[in-house]
Amino acid sequence: MARYSFREIEAKWQARWAERGTFHARIDPGRPKYYVLEMFPYPSGRLHVGHVRNYAIGDVIARYKRAQGFNVLHPMGWDAFGLPAENAALAGGVHPADWTFENIRVMGEQLRLIGLSYDWDREIATCTPDYYRHEQKMFLDFLEAGLAYRKESVVNWDPVEHTVLANEQVIDGRGWRSGALVEQRRLPQWFLAITRYADSLLEALETLDRWPDRVRLMQQNWIGRSEGALMRFALAGRAAPDGDARTPLPDALRAGLPEAIEVFTTRPDTIAGASFLALSPDHPVSLSLAEDDPALAAFAGECRRLGTSEAALEKAEKRGYRTALAVRHPFEADRLLPVYVANFVLMGYGTGAVFGCPAHDQRDLDFARKYDLAVRPALWPADATPVDDDAVAALAPEDRARFEDGAGIAEIDGRRLFHVGATAFIGADGRRFAYDLACLGVPDLAVPTPLTVAEAKRAAITALEGRDLGEARIAFRLRDWGVSRQRYWGCPIPVIHCPNCGIVPVPESDLPVELPRDVDLSVAGNPLDHHPTWKHVACPKCGTAAIRETDTFDTFFESSWYFARFCSPDADTAFRRGDVDYWLPVDQYIGGIEHAVLHLLYSRFFMRALTDCGYADLAEPFAGLMTQGMVCHETYQAADGAWLFPEEITLDGAAGGGARRASDGTPVTVGRAEKMSKSRKNVVGLERVVETYGADTARLLLLSDSPPERDLDWTESGIEGAWRYLNRLWRLVAEEPPGDGAGTEASAPAALALRRATHRTIAGVGEDLDGFRLNRAVARIRELTNMLTDAQASGDAGAGLGAARREALAAIVQLLGPVVPHLAEELWERLGGTAPLSETPWPTADPALLQDDTVTVAVQVNGKLRATIALPRDAARETAEDQALADVAVRRAVGDRPVRKVVVVPNRIVNVVV
RNA sequence: GCCCCUGUGGCGGAAUUGGUAGACGCGGCAGACUCAAAAUCUGUUGGUGGCAACACCGUGCUGGUUCGAGUCCGGCCAGGGGCACCA
């Protein structure tokens with residue numbers, strides 16, 4: 001049997017779409033717009049089928065929306081700055097620019113093979129001055145608006161890549177690309193003030209109702225808003241080991257230290273229980289003390305080496321270094337608290353200092369037990385009486401043991417006693433607790449008072465503010481975005497350092513600041529810094545010899561606004577206002593879950609910042625988001641442990657059998673399916689698949705085998721199955737006799753049934769595509785195909801069946817159009833389509849054909865299925881009940897038991913209860 | 001440690017959101033065509049018992065709500081993802 005010639009067909013239709021400009025997008029205010037965007041790729045080399053899934057999903061949506069009459073924008077470009085280009089240059093002696101543009105050429109050709117409905121006229125590459133000049137201008141505008149600033153800060157330094165990493169790019173204390181242990185260094189860096197938008201970025205998450213909940217939650221956690229209070233603890237003096245002595249602070253020690261240490265807390269209500277203060281090793285006071293205290297300096301060094309990863313900290317013991325300092329309790333000037341430097345306090349959050357309240361914080365409690373610090377409760381269950389350690393120690397051993405439950409409450413001699421032993425007492429929202437807030441000096445709270453946690457927090461904050469000891473404060477986990485990178489292959493930061501004028505922005509007329517081509521990448525560190533001439537310029541203000549900024553932007557800068565550039569790729573500004581007003585926001589954005597926080601959050605920030613700088617008027621760039629799963633493949637390992645490509649092995653017999661190396665027949669270990677990666681060689685090259693089966697077959701498998709958001713296993717049998725189906729469809733059309741009097745009214749029952757199935761499929765596929773159930777949509781279409789085959793096999797050639805068959809075939813071809821566009825176009829033409837399918841409106845279902853006159857109703861006896869009966873649609877309850885009870889199988893199941901009740905759900909089910 | 005998600009045949013996955021569990025596909029088995037194979041086509045395929053009609057069991061485990069639970073609620077178990085020792 002002949003197979004269809006995908007090579008010819010795919011080339012033919014790709015050429016025709018190009019000729020006709022089918023996918024060329026232009027503004028048309030008369031039509032609703034729809035902007036479909038897949039996250040643009042980094043041009044790393046060659047595409048494998050894993051990359052293609054992302055684009056295929058977007059292409060289905062784009063083609064579907066276009067057929068529905070939307071004015072679709074579906075562009076593609078290249079996220080072309082990045083470290084791999086420099087690495088490739090080092091390894092292969094190729095210039096990063098040449099390497100990048102060659103990859104863009106190759107990958108562009110590969111993308112074109114797949115028949116994606118892109119408007120290629122809008123293609124952009126972020127490494128061209130034509131693109132990055134606009135972000136240099138943006139940066140100058142941010143600078144003027146105070147959204148960009150420079151500060152010296154402790155940064156994550158990657159010793160292998162010689163670059164600063166964002167906190168987000170440090171994974172388990174290691175660089176996310178190099179895997180090298182990250183060091184801490186202080187460097188002047190450029191920052192973008194994303195924290196200014198923390199509230200807006202958080203609150204607007206609720207409006208993004210077409211984003212996955214998972215991604216919204218991840219962003220919410222990342223922004224990490226918490227309400228609390230800022231309090232000032234006055235530096236007092238040297239604390240004795242018992243935390244209670246009053247040695248005055250020596251002047252020598254006081255020099256260079258602040259009057260007070262500021263602390264952020266979410267639990268100001270527990271202030272009565274404060275028993276120590278803990279500083280981050282990077283806190284200015286810690287640093288200052290460490291200058292004269294080698295032991296402290298050594299301790300701080302150890303803390304930094306521990307890293308900031310959770311795994312490391314989880315295992316690490318909570319440790320502190322007791323300084324010679326003490327602070328006064330804010331409300332009880334006589335009460336002195338010792339000051340520790342502790343490994344569990346982060347400089348990057350709050351103020352880098354915390355007050356320890358052991359009774360109500362587990363970590364503080366562990367710390368207090370370890371260093372023998374006071375544990376003093378500030379709140380306890382209202383029906384209990386607090387007792388101290390000494391009182392508990394005086395109890396009989398069996399009574400003491402009764403405190404071991406989590407709540408720390410024991411009933412002894414008819415009294416409910418409360419004592420914090422090994423478990424801190426956190427309290428809970430909404431309930432009232434007895435609170436010790438006497439220290440606040442508020443007459444109403446002079447004795448233990450029942451309050452909720454929220455009420456007690458308010459009381460504490462009011463007292464703080466009243467005495468000017470602190471105030472309400474909201475803290476965010478989110479930190480400003482450091483954008484400086486000490487790399488070559490990125491966008492130069494357009495400022496000049498002048499010995500007289502300080503930092504001078506590059507005048508707009510001098511933009512772009514172009515990357516020099518002649519750099520020496522073999523020297524470690526920043527190549528721009530080593531360039532003999534590039535950085536030397538005259539100060540634009542005073543003309544003195546000055547130095548260019550040699551850092552370049554984090555490449556997330558480019559991807560934070562590219563979706564806007566696609567609206568006006570040829571504009572001599574970043575984008576034209578009218579264009580983005582029409583096209584943005586992106587209606588459907590598609591990409592990997594790995595970008596759930598960074599790229600998406602930065603883009604949301606950029607849209608706000610650009611709006612504030614007058615570029616646009618929009619907060620949220622992406623109205624809809626879908627995160628697609630990865631493509632996985634089995635791994636193969638030879639006896640010597642070497643990874644093998646799928647094409648290097650042969651499978652033994654059927655599924656579950658072993659595998660051997662094709663070259664020598666030696667056995668191969670088959671590993672479970674994992675994400676396709678070059679290092680494990682479990683990749684399937686795009687060309688090989690397209691040459692063997694064609695683009696449509698590859699697309700069909702990628703779109704039909706799993707729901708888009710889940711991972712998909714690429715298997716040889718899967719691609720065979722897709723290939724078989726497309727050939728079957730091809731034959732169905734080829735063997736269909738030419739129409740005899742199209743439009744003949746289908747009257748025969750078989751024809752009517754087929755027509756009903758066709759229209760149900762049209763309706764169902766529409767719903768599935770709207771809900772991204774692409775696999776379900778394909779399943780429905782295959783179901784209709786099977787029905788069509790059966791109709792053919794039954795030989796029922798009654799009047800009108802031919803027309804019904806052709807209607808079904810046309811529907812199948814149309815519905816498959818977004819999935820297998822080349823084959824669908826060809827079949828559409830063969831079925832007599834007058835215009836190309838890509839220019840034909842989406843089919844609509846005839847509502848009259850969506851409902852059958854008779855329905856199959858399930859009959860249960862005591863909830864167990866016993867029969868199905870055919871009933872007229874919307875039959876009366878009595879009819880349904882009578883017919884159900886008359887059924888032989890139902891009567892047998894009921895037996896001679898009396899029927900107690902009959903539940904009838906119209907058109908669905910009848911349940912007989914006996 | 002905290003938060004979130006997911007557990008359905010040999011496999012990928014369906015199930016109108018409380019109403020016929022297993023659509024569609026892969027794989028398997030049997031058959032047709034063929035000298036043979038490939039390709040194609042047909043039938044069959046959750047488990048157990050039975051010649052059969054049929055019966056029983058079955059959506060990670062375990063309780064519950066309901067006429068009825070894969071779906072809702074409680075408690076476990078397993079796998080995956082995220083994270084912030086966040087004061």
Side-chain angles (χ1 to χ4, degrees), chain A residues 1-3 167 212-215 217-218 220-222 224-226 228-229 263-268 270 278 280 308-316 318 342-346 348-357 360-364 366-367 475-477 593 596-597 654-656 673 700-701 704-707 710-713 715-722 724-725 727-728 731 764 767 773 775-786 789 793 856-869 889 892-893 900-905 907-914:
Chain A
M1 188 68 72
R3 323 278 191 83
N167 292 310
D213 290 343
R214 182 158 67 125
V215 174
L217 187 69
M218 282 163 75
Q220 187 185 316
N221 290 338
W222 193 264
R225 180 182 195 272
S226 42
V263 161
F264 174 73
T265 177
T266 55
R267 292 300 299 271
T270 64
S280 159
T308 52
S309 90
E310 181 152 350
L313 289 165
E314 191 64 42
K315 281 181 205 135
K318 275 79 183 156
N343 63 353
F344 58 83
V345 183
L346 303 174
Y349 182 80
T351 61
V354 302
F355 80 77
C357 181
H360 307 295
D361 183 291
Q362 190 59 47
R363 185 200 53 215
D364 293 348
D366 296 343
F367 192 81
F476 289 91
R477 177 188 177 275
I593 187 76
V597 176
L700 181 61
L701 174 63
S704 66
D705 214 44
S706 284
R710 272 202 232 177
D711 286 354
L712 175 139
D713 285 350
T715 59
E716 202 56 34
S717 56
I719 190 80
E720 285 283 351
R724 268 202 303 269
Y725 173 71
N727 278 294
R728 202 178 130 210
R731 283 192 304 272
E767 285 166 23
R773 294 180 295 270
N775 55 324
R776 184 80 181 80
V778 171
R780 273 185 211 276
I781 297 168
R782 295 182 82 136
E783 227 172 327
L784 181 62
T785 312
N786 291 345
T789 311
T856 307
V857 170
V859 184
Q860 299 178 332
V861 176
N862 287 343
K864 273 194 177 186
L865 181 72
R866 293 299 172 182
T868 56
I869 55 175
R892 188 173 52 228
R900 291 196 293 161
K901 184 176 168 188
V902 180
V903 179
V904 180
V905 181
N907 302 326
R908 278 274 157 78
I909 205 162
V910 176
N911 192 8
V912 180
V913 187
V914 293

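Chain identifiers are assigned alphabetically (A, B, ...) following the order of the sequence lines, protein sequences preceding nucleic acid strands; residue numbering begins at 1 within each chain. Computed from heavy atoms alone, side chains included, the values below leave out hydrogens, waters and symmetry copies.
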Is there a donor in the side chain of A:Arg900 and an acceptor in the side chain of A:Asn862, or the other way round, less than 3.5 Å apart?
no
Among B:rU40, B:rC67, B:rA23, which is the nearest nucleotide to the side chain of A:Arg724?
B:rU40
Between A:Arg776 (CZ) and B:rA14 (P), how many Å, whole number?
9 Å
What N/O pairs connect the protein and nucleotides 17-20 of chain B at under 3.5 Å? Give each pair on its own line.
residue: B:rG19; atom: N2; partner: A:Gln860; partner atom: OE1; Å: 3.4

Starting the side chain at C-beta, find the nucleotide from B:rC24, B:rC85, B:rA14 nearest to A:Arg782.
B:rC24
Rounded at 0.5 Å granularity, tell me how far OG1 in A:Thr270 sits from CZ in A:Phe355.
3.5 Å
With A:Tyr725 via ring-ring contact (aromatic ring centres under 6.0 Å, His included) - residues at least two apart
none
Looking only at side-chain N and O atoms, does A:Asn786 come under 4.0 Å of OP1 or OP2 in B:rG25?
yes
Rounded off to whole Å, could you give me the CD-to-P distance for the A:Glu767 and B:rA15 pair?
12 Å
Proximity to the side chain of A:Val354 - top-ranked nucleotide from B:rU40, B:rC83, B:rA87:
B:rA87
Which of the following nucleotides, B:rC41, B:rA23, B:rA87, is nearest to the side chain of A:Ala779?
B:rA23
Of all the choices, B:rC67, B:rC85, B:rA87, which nucleotide is nearest to the side chain of A:Ser226 once you look at every atom?
B:rA87
Can you check B:rG74 for me, syn or anti if syn means within 90° of 0?
anti
Could you list the residues that satisfy side-chain hydrogen bond (donor to acceptor under 3.5 Å, both in side chains) with A:Asp366, not counting sequence neighbours?
A:Gln362
Output a table of nitrogen or oxygen pairs between the protein and nucleotides 4-12 of chain B separated by less than 3.5 Å.
residue: B:rG12; atom: O2'; partner: A:Asp705; partner atom: O; Å: 2.9
residue: B:rG12; atom: O2'; partner: A:Ser706; partner atom: OG; Å: 3.1

Using the side chain to side chain contact (heavy atoms under 4.5 Å, CB included) rule, pick out the option among A:Val912, A:Asn911, A:Val913 that qualifies with A:Lys901.
A:Val913
Around A:Arg363, counting heavy atoms of other residues, nucleotides and ligands shown, do more than 12 lie under 6.0 Å from its CZ?
yes
Taking syn as within 90° of 0 and anti otherwise, name the glycosidic form of B:rU20.
anti
Rounded to the Å, how far apart are A:Asn727 CG and B:rU40 P?
8 Å
In whole Å, I'd like the distance from the CD1 atom of A:Ile593 to the C1' atom of B:rG80.
13 Å
Integer-rounded Å distance: B:rG25 P and A:Arg780 CZ:
14 Å
Looking across every strand, which nucleic acid part, if any, lies under 4.0 Å from A:Gly718 by heavy atom: base, sugar-phosphate, or nothing?
nothing
Report the distance from atom CZ of A:Arg866 to atom CD of A:Gln860, rounding to the nearest 0.5 Å.
10.0 Å
Show the distances under 3.5 angstrom between N or O atoms of the protein and N or O atoms of nucleotides 45-54 of chain B.
none

Taking any strand in view, what nucleotide pairs with B:rC51 in a Watson-Crick or G-U wobble way, both distances under 3.5 Å?
none
Taking atom C1' in both B:rC61 and B:rG82, compute the distance separating them and give it to the nearest angstrom.
26 Å
Using the P atom on both, measure B:rC76 against B:rC4 and round to a whole Å.
14 Å
Could you tell me if A:Arg728 and A:Thr789 have a donor-acceptor pair between their side chains, going purely by distance under 3.5 Å?
yes
For the CD1 atom of A:Ile593 and the CG atom of A:Asp711, what is their distance to the nearest 0.5 Å?
11.0 Å
With rounding to whole Å, what would you report as the distance between B:rG79 and B:rG60 at their C1' atoms?
10 Å
Using the C1' atoms only, state how far B:rG13 lies from B:rC24, rounded to an integer number of Å.
9 Å
Tell me the interatomic distance from A:Asp213, atom CG, to B:rG82, atom P, rounded to whole angstroms.
18 Å
May I have the distance from A:Asn221 (atom CG) to B:rC83 (atom P), rounded to whole angstrom?
9 Å
CG of A:Asp705 to CZ of A:Arg710: how many Å apart, nearest 0.5 Å?
12.0 Å
Any strand: nucleotide that pairs with B:rA69 via Watson-Crick or wobble, under 3.5 Å:
none
Paired with B:rG7: which nucleotide, if any, by Watson-Crick or G-U wobble criteria at under 3.5 Å for both distances?
B:rC77
Going by purine N1 to pyrimidine N3 plus the second Watson-Crick contact, or the G-U wobble pair, all under 3.5 Å, which nucleotide sits opposite B:rC29?
B:rG43
Can you tell me how far P of B:rA87 sits from CG of A:Asp366, to the nearest Å?
16 Å
Would you say the side-chain atoms of A:Asn775 pair up with the backbone N or O of A:Ser704, donor to acceptor, closer than 3.5 Å?
no
Under the side-chain hydrogen bond (donor to acceptor under 3.5 Å, both in side chains) test, residues paired with A:Arg908 that sit two or more places apart:
none
For A:Met218 and A:Ala596, which heavy atoms make the closest approach, and how far apart are they?
CE-CB, 3.6 Å
Pairing partner of B:rC83 (Watson-Crick or G-U wobble, both distances under 3.5 Å)
B:rG1
How far does the C1' atom of B:rC57 sit from the matching atom of B:rC2, given to the nearest Å?
40 Å
Mate of B:rG12 where both pairing distances stay under 3.5 Å, Watson-Crick or G-U:
B:rC24
Looking at OG1 of A:Thr265 and CG of A:Asp361, how far apart are the two atoms once the value is rounded to the nearest 0.5 Å?
9.0 Å
Between A:Ala353 and A:Ser717, which has a closest nucleotide on RNA chain B that is more 5'?
A:Ser717
To the nearest 0.5 Å, what is the distance between OG on A:Ser717 and CZ on A:Arg724?
8.5 Å
Using atom C1' in both nucleotides, what's the gap between B:rG58 and B:rG70 to the nearest angstrom?
11 Å
Could you give the distance separating B:rU65 and B:rC77 at their C1' atoms, to the nearest angstrom?
23 Å
Residue mapping more 5' on RNA chain B - nearest nucleotide basis, A:Phe264 or A:Pro707:
A:Pro707
Span that lies between the C1' atom of B:rG10 and that of B:rC29, in whole angstrom
13 Å
Applying the Watson-Crick and G-U wobble criteria at under 3.5 Å, what pairs with B:rU17? Answer none if nothing qualifies.
none
